Amino acid sequence: MSLNVLLNCFGEIVEGNYYRGYCHISEDTEEDGFFVMVYRSDDPASEVLLSEWFPSIQAVNHFVRDQGWVIYWQDQETEL
């Protein structure tokens with residue numbers, strides 16, 4: 001099963017296990033992986049609810065799938 005995750009933009013988590021807020025996924029070029037951050041709002045200065053690092057986009061996809069998340073991605077990229 002392949003999930004559609006987008007990099008470098010906020011997406012609202014509207015369904016899933018435990019977390020509600022705004023997800024932001026970015027590439028970690030120094031360590032060759034990906035950061036998944038969940039914020040209380042779509043502002044990077046808001047409270048961080050979750051911060052995880054993953055070694056591959058496949059691992060990110062598995063995590064999102066396992067959380068049962070439904071994410072509505074914003075149209076524009078939001079740089080942090």
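The shown structure was predicted, so the numbers you read here are calculated from the model rather than taken from an experiment. Along the sequence shown, residues carry numbers from 1.
Contact of the M37 side chain with the L50 side chain is not registered, since no non-hydrogen atoms from C-beta on lie closer than 4.5 Å. Inter-residue side-chain proximity for L7 and F34 is flagged as met; some heavy-atom pair is nearer than 4.5 Å. Side-chain contact between L49 and R40 is present, with at least one heavy-atom pair separated by less than 4.5 Å. Taking 4.5 Å as the limit, every side-chain heavy atom of V38 sits out of range of all side-chain heavy atoms of V48. At a threshold of 4.5 Å between non-hydrogen side-chain atoms, the residues I25 and L6 do not count as touching.
Considering D28, V60, V36 in turn, D28 is the only one that fulfils the side chain to side chain contact (heavy atoms under 4.5 Å, CB included) rule with W53.
A distance of 7.5 Å separates OG in S56 from NE2 in H62, rounded to the nearest 0.5 Å. To the nearest 0.5 Å, the span separating CZ on R20 from CH2 on W69 amounts to 10.0 Å. Between the OG atom of S51 and the NE2 atom of H24 there is a distance of 12.5 Å, given to the nearest 0.5 Å. Separating the SG atom in C23 from the CG atom in D42 is a distance of 12.5 Å, to the nearest 0.5 Å. Taking CH2 from W73 and CD from E12, the interatomic distance works out to 11.5 Å, rounded to the nearest 0.5 Å.
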Item to check | Derivation of the side chain to side chain contact (heavy atoms under 4.5 Å, CB included) call for V70 and I13 | outcome: CA-CA 6 Å; V70 173; I13 301 169; over 6 Å; no

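Ring centroid separation for the pair Y39 and F10 comes in under the 6.0 Å cut-off.
One hydrophobic cluster holds both I71 and I57 under the rule that ILVMFWY side chains link at heavy-atom gaps under 4.5 Å.
The local environment of CG in N17 is crowded, with over 12 non-hydrogen atoms from other residues, nucleotides or ligands closer than 6.0 Å.
Checked by atom type and distance alone, the side chain of S46 pairs as donor or acceptor with a backbone atom of S41 at under 3.5 Å.
Taking all atoms of both residues into account, the shortest heavy-atom contact from S26 to N8 is CB-OD1, 3.5 Å.
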